[in-house]
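All values below come from the heavy atoms of this structure, side chains included, with hydrogens, waters and symmetry mates left out. Within every chain, numbering begins at 1; the chains are lettered A, B, ... in the order of the sequence lines, protein sequences first and strands thereafter. Bear in mind the structure is a predicted one, so any value in this text is a computation, not a measurement.
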There are 2 protein chains.
Amino acid sequence: MESQDLRKAGLKVTLPRLKVLEILEQTAQRHMSAEDVYKALLEMGEEIGLATVYRVLTQFEGAGLVSRLSIEGGHAVFELVDGSHHDHLLCVSCNRIEEFVDEVIEERQRVIAAEKGFEMTEHSLYIYGICKECQKKAG
Amino acid sequence: MESQDLRKAGLKVTLPRLKVLEILEQTAQRHMSAEDVYKALLEMGEEIGLATVYRVLTQFEGAGLVSRLSIEGGHAVFELVDGSHHDHLLCVSCNRIEEFVDEVIEERQRVIAAEKGFEMTEHSLYIYGICKECQKKAG
DNA sequence: AGTGTAAATGAGAAGAGTTTTCATTTATAT
DNA sequence: ATATAAATGAAAACTCTTCTCATTTACACT
């Protein structure tokens, strides 16, 4: 992921955009909020405005470079797009996010949309629960 | 749905709460935002504060009388709980909301949660698309 | 390399939706 | 009736996000 991707998206290659991309690629967390990205950049000693982070992430979303998850009640988090669609499992205790793909569910959704006469554009499926680690902690 | 339900939930039986319940039961729209409820009450000539509507809906949610849908990007909408779980189809053009239940999907979710070691507490599945009517309008 | 121009930026203001605060009112147990 | 804990309304506060606008920057074209 580099300058070429930005140019293809019709975006000028600027330092803020490269830095946001860099954070998204290098961070251990695959899912970051705009605030997370902003703070990570500040910690790296980069100067950037929060508004710019929001703008850039929104543009990246438009360009198909990242996707935005709108998590219940909370703020949006972003993840780099790697080509494959997937849904999410969220731990309500530690906020860990895991990903999964299930072709059975994908197919059933298409069938349901068709039955209801909907032309499906997208879907969002979140399974909320308590992850293995948090179950242990809770005893 | 009446005073008894409120008492059972440990809530005092007050006019605002009864009025909110009444709106939720009598309205043609099954899915209403806090603002919708507020405006409907004002139109009925009831005096109520928006903060009260939010508070009451949140309490009703806690009491299991209503459930809250957190729709992508937008505001929350509430629906009376009628015992049956269901998921939602949303028209991105006219905001119509339809409901569906699919046991295959329900079961797959349980399996996936188990595979990932999650103790599932709940899930949210929204299928976004364009409804039949809006497809016609768009040609 | 220098320059014009449209695009991008940062800071702060603004906006939407929701929650909180607090003084006043109300429901309900006694 | 009365005490008291809970509920209310209005406004302020809050969170997340977008917008505004003056300044800066990238890049196409000399």
Next on the checklist: Would you say that Val20(B) contacts Ile48(B) through its side chain, given a criterion of any heavy-atom pair below 4.5 Å between the two side chains?
Outcome noted: yes
Checklist entry - Across the strands shown, which category fits Ala76(A) at heavy-atom distances under 4.0 angstrom: base, sugar-phosphate, nothing? => result sugar-phosphate
Item to check | Nearest-nucleotide comparison on DNA chain D, the residue closer to the 5′ end among Tyr54(A) and Leu15(B) | outcome: Leu15(B)
Checklist entry - Do Lys132(A) and Glu119(B) sit within salt-bridge range, that is, some charged N less than 4.0 Å from a carboxylate O? => result no
Item to check | 5′-ward residue of the pair Ile48(A)/Ser33(B) relative to DNA chain C | outcome: Ile48(A)
Item to check | Boundaries of the chain B footprint along DNA chain D (any atom under 4.0 Å from a heavy atom) | outcome: dA5(D) to dA11(D)
Checklist entry - How about Arg17(B) and Thr52(B): does a side-chain donor come under 3.5 Å of a side-chain acceptor? => result no
Checklist entry - Given atom OH of Tyr38(B) and atom P of dT18(C), what is their separation to the nearest angstrom? => result 14 Å
Next on the checklist: Quick check on the 6.0 Å ring-centre criterion: do His123(B) and His85(B) meet it?
Outcome noted: yes
Checklist entry - Starting at CD1 of Ile71(B) and ending at P of dG17(C), how long is that distance when rounded to a whole Å? => result 12 Å
Checklist entry - Among dT18(C), dA27(C), dT9(C), which is the nearest nucleotide to the side chain of Thr14(B)? => result dA27(C)
Checklist entry - What does Glu47(A) touch in the nucleic acid at a heavy-atom separation under 4.0 angstrom: a base, only the sugar-phosphate, or nothing? => result sugar-phosphate
Item to check | Residue whose nearest DNA chain C nucleotide is more 5′ - Pro16(A) or Arg55(B) | outcome: Pro16(A)
Checklist entry - 5'-most contact on DNA chain D: Gln59(B) or Val13(A), nearest heavy atom basis? => result Gln59(B)
Item to check | Residue pair His31(A) / Glu99(A), side-chain donor-acceptor N/O under 3.5 Å | outcome: yes
Checklist entry - How many Å lie between CZ on Arg7(B) and C1' on dT28(C), as a whole number? => result 9 Å
Next on the checklist: Could you tell me if His86(B) and Glu98(B) have a donor-acceptor pair between their side chains, going purely by distance under 3.5 Å?
Outcome noted: no
